[in-house]
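A quick write-up on the structure given underneath.
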Amino acid sequence: MDKDEILQKSREENAAAFMDERERNLRLREDSFALGCGLLLALALFLVKVARGQPAADLLALITGMSAAGFLFRCVKSRKKSDIFWASLCTLLALFYLCQFFMRAA
């Protein structure tokens, strides 16, 4: 197999996945930036709620739920004990804050 055949095969494989490596890296950076901005916005809203004396269980459930989802994904891919621990902890916290939110809403 010569260089052109290898290059053509690589292009076909990447076309099937809809993104090449550069586009995947760009998407990863975009998602990381969006997650960081979302967390900063949630932090600002959390501080406003606490300053006004409002319960913030909804925001805490959202943040811990997002963290739990990330750790669960990482846990499935890597199966590290630390990821299992953090996924479990974040899931329990998310459930706790969800219960608090729904109990106050009722």
Side-chain angles (χ1 to χ4, degrees):
M1 199 180 283
D2 68 346
K3 178 182 172 182
D4 292 330
E5 289 175 357
I6 294 171
L7 190 57
Q8 180 63 28
K9 186 175 180 179
S10 175
R11 286 182 184 142
E12 290 170 3
E13 289 173 356
N14 287 333
F18 302 109
M19 286 189 279
D20 64 3
E21 184 176 342
R22 181 179 170 275
E23 290 174 356
R24 274 185 236 126
N25 286 337
L26 183 62
R27 175 68 60 94
L28 179 62
R29 287 185 293 186
E30 172 190 339
D31 291 345
S32 296
F33 180 75
L35 178 64
C37 289
L39 289 174
L40 286 175
L41 180 60
L43 176 64
L45 293 172
F46 174 79
L47 292 174
V48 168
K49 281 188 155 203
V50 168
R52 292 183 177 176
Q54 299 172 342
D58 53 346
L59 290 171
L60 292 171
L62 179 67
I63 292 168
T64 55
M66 289 170 48
S67 298
F71 281 117
L72 285 170
F73 182 83
R74 202 182 317 176
C75 181
V76 168
K77 296 294 182 182
S78 70
R79 300 201 190 277
K80 289 183 183 177
K81 289 182 181 180
S82 63
D83 291 335
I84 294 170
F85 168 77
W86 288 111
S88 301
L89 180 65
C90 289
T91 301
L92 290 173
L93 284 172
L95 291 173
F96 172 74
Y97 291 128
L98 275 175
C99 288
Q100 274 192 338
F101 174 72
F102 286 120
M103 290 175 78
R104 288 182 193 254

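We're numbering straight along the sequence, starting at 1. Computed from a predicted model, the values in this text were never measured in an experiment.
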[Y] reachable from [X] in the ILVMFWY side-chain graph, under 4.5 Å edges:
X	Y	result
F71	L93	yes
L41	L59	yes
L45	F101	no
L43	L60	yes
L92	F102	no

(request) Considering non-hydrogen atoms only, spot the tightest contact between Y97 and T64 and give its length. (result)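 Of all heavy-atom pairs spanning Y97 and T64, the closest is CD1-OG1, 4.0 Å.
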(request) Kindly give the heavy-atom pair with the smallest separation between A87 and T91, and that separation in Å. (result)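 That would be O-OG1, 2.7 Å.
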Quick one: [atom1] on [X] to [atom2] on [Y], what's the gap to the nearest 0.5 Å?
X	Y	atom1	atom2	value
L62	S67	CG	OG	9.5 Å
D31	R27	CG	CZ	6.5 Å
L40	L35	CG	CG	9.5 Å

(request) Using the test salt bridge (charged side-chain N to carboxylate O under 4.0 Å, His left out), find all partners of K49 that sit at least two apart in sequence or belong to another chain. (result) D58
(message) Can you pull out every salt bridge (charged side-chain N to carboxylate O under 4.0 Å, His left out) where at least one residue sits in residues 86-95? Sequence neighbours excluded, please.
(response)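 Checked against salt bridge (charged side-chain N to carboxylate O under 4.0 Å, His left out) - neighbours excluded - no pair reaches residues 86-95.
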(message) Show every salt bridge (charged side-chain N to carboxylate O under 4.0 Å, His left out) that has at least one partner inside residues 65-75, sequence neighbours left out.
(response) R74-D83
